[in-house]
Amino acid sequence: LSSKYLVLPDPNPLAGTIGEKKEHAFGGAIAYADHNDTVTSIIAPGAQVTAENGSVSVLATAHNLPQTGAVTDIESNKLDAANQRDKALAIATSIGLFQHTVKSVVSSGASLRAGSSVVVKAHTSLPRVFRAVWDEPGLGSTLQHVNGDFGARSSWFASWTRAQATGNKVALAGSVNYFSVTNNVTAAVEPDAHVTAVGDVEVRAAVEGNLLHVAGNGSSPLGLLTGGLGDLKNGLDRHAETAVGAGYGHIATTNTIDAEIAAGPIVDGASVSLTADNHFHSTGVAVASGVTSGSGFNGSGMAGEVTNSTRALISEDATIITRGGTASSLDPQDISVSIPEAETSLLVSANDDGSIFSFAGGVLRGRNVGFGVSVAVNIVDRKTQASIGSDPDTAPVLDPALAPSVTAQGGISVRSASGGSQVAVPLAAAVNQSTGSKDYPTGAAAAAVSWNEISSTTQSYVAGGPAAIAAVTTDSDLIV
């Protein structure tokens, strides 16, 4: 959404002279999106599915391109008598709430038999940077997205807010961008289901995405990098005597990724792989920059909030049988593949290399007193688990009679890995261009603060405790 306010000459001379100054101008824009997407692929409870000479695939995929934006401008120029306001206020707010629930399930009591392979896969994809490359790689496709702002709105940004205001005496501009995305992805073989394949059995849950967000007071999403500084060539006298600009962004991401063989099923294949992968990356930029002929303040803040749970779990009382096949990660980005392993016929793998980048910049250029402040914050809480047996944190003691049973002709690998980057970068500056007059106080001050709060747990284990060691038999290596 966008709004633009421009003062024009009064068409009725009896009502006032052309170019008459007005006292106030206000501009506002708000964008709101609330989106829920559910994709389910399911083998119903008790169903009997047989493919004597082929494979069985249970696939659920969500591929979305979320985007929100709000823009508002107020234009008033001291040097243009036909376009003047003494006091200007512009506010832009964007709120985006996106939730994706994707499930691929073999339900309780169902039976799958395949002469080739069985694949159970749930996948969510949210590409945005650069959209054309993801959709249709090639120069022609890329050029279709390039416009006056180099495709910034259509292809680069998942969300943006921009507010600009100019006034003779006072100019206030603020923008707020809140974007929340929740991904719940599950690939599961439920209790008492039977899955048998002559070939490989693969159960995989995955999330991938790369989203860019921006908030501030630039002339376009890309113009936020310069904001009002582009008008410096015209001198400070054309700008408000008092100017305040602020931009704040809050990006909240929650990923719950579960690949599970639940309690009680029997899974039998040449090899069995159970993988959960998170490759979700988010970048937020907040910039407040401007110019004043007197005094002013510019402040920006960007907060990134990430909560991830990535699990690959063979639950209690499950029975897994492999017959000498070779299981490998289906994910070329799997950072855990650097872990040494034998010829693996059973693979249980959880992998999280998600990243969060938060950048904030506050810059002001003024004649008298100027202040610039920026704050960049990341709060990350993630847990990555790969296991045969119950979670020791929730079930430290399990009835030995319910321990999983694993018989493998070949190696067994239970592995988990966490990587990615968590970066918070603030930049603040205030520039004083005093003319040397003693009538006004002069000075400039700037402050920048960054904060990273990270809690990360990575676990690989077999069984849930000393009283419940899983019955694991292999003629090769067991690597945890």
Side-chain angles (χ1 to χ4, degrees), residues 43 45-51 55-56 58 104-120 186-205 258-276 311-327 343-350 385-392 395 397-415 460-465 467-480:
I43 302 296
Q48 306 290 313
V49 178
T50 302
S55 60
V56 177
V58 186
S104 184
V105 178
V106 179
S107 299
S108 299
S111 175
L112 268 65
R113 298 181 181 274
S116 182
S117 62
V118 172
V119 177
V120 181
T186 302
V189 179
E190 292 189 337
D192 301 319
H194 288 196
V195 176
T196 303
V198 174
D200 300 324
V201 177
E202 301 166 353
V203 180
R204 184 189 180 203
D258 290 320
E260 182 177 9
I261 297 176
I266 298 175
V267 178
D268 183 343
S271 71
V272 175
S273 61
L274 182 69
T275 58
R311 300 191 314 152
L313 171 64
I314 297 177
S315 296
E316 60 271 15
D317 202 25
T319 299
I320 311 297
I321 301 171
T322 68
R323 301 185 306 278
T326 300
E343 289 295 324
T344 301
S345 63
L346 172 61
L347 171 64
V348 182
S349 172
Q385 294 179 305
S387 70
I388 299 176
S390 298
D391 185 340
V397 178
L398 178 70
D399 184 349
L402 299 178
S405 173
V406 177
T407 302
Q409 295 179 16
I412 299 173
S413 179
V414 182
R415 67 195 193 193
S460 299
Y461 53 85
V462 174
I469 299 300
V472 176
T473 303
T474 176
D475 60 7
S476 184
D477 296 331
L478 169 63
I479 298 176
V480 182

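For Ser111 (side chain) and Gln48 (main-chain N/O), no donor-acceptor pair under 3.5 Å exists by modelled atom type.
When all heavy atoms of Glu260 and Leu274 are compared, the closest pair comes out as N-CD1, 3.7 Å. The minimum heavy-atom distance between Gly269 and Val201, with the atom names listed, is CA-CG2, 4.0 Å. Pairing each heavy atom of Pro191 with each of Pro265, the nearest pair is CA-CD, 4.2 Å. Looking at every heavy atom in both residues, Ser116 comes nearest to Ala197 through O-CB, 3.4 Å. Taking each heavy atom of Ala327 and Ser273 in turn, the nearest pair found is CB-CB, 4.1 Å. The two residues Ala350 and Ala312 come nearest to each other via the heavy atoms CB-N, 4.1 Å.
Taken from CG in Leu347 to CG in Asp200, the straight-line distance is 11.5 Å, to the nearest 0.5 Å. The distance from atom CZ of Arg113 to atom OG1 of Thr50, rounded to the nearest 0.5 Å, is 7.0 Å. Interatomic distance, OG1 of Thr196 versus CG of Asp268, reported as 5.0 Å (0.5 Å rounding). In this structure, CD in Glu202 is found 7.0 Å from OG in Ser271, a value given to the nearest 0.5 Å.
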Apply side-chain hydrogen bond (donor to acceptor under 3.5 Å, both in side chains) to residues Thr322 and Ser345 and explain how you reach the verdict. CA-CA 6 Å; Thr322 68; Ser345 63; 2.9 Å; yes

Chi angles and distances behind the side chain to side chain contact (heavy atoms under 4.5 Å, CB included) call for Val56, Val119: CA-CA 6 Å; Val56 177; Val119 177; over 6 Å; no

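At a threshold of 4.5 Å between non-hydrogen side-chain atoms, the residues Ile43 and Val105 do not count as touching. For the pair Val203 and Val189, the minimum side-chain heavy-atom distance is below 4.5 Å. Taking 4.5 Å as the limit, every side-chain heavy atom of Leu313 sits out of range of all side-chain heavy atoms of Ile261. Proximity of Val106 to Val120: side-chain heavy atoms (C-beta onward) are separated by under 4.5 Å at one or more points. Residues Ile388 and Ile412 meet the side-chain proximity criterion, which asks for heavy atoms closer than 4.5 Å. Between Val348 and Arg415, the closest side-chain pair of non-hydrogen atoms is not below 4.5 Å.
More than 12 heavy atoms of other shown residues, nucleotides or ligands fall within 6.0 angstrom of atom CZ in Arg323.
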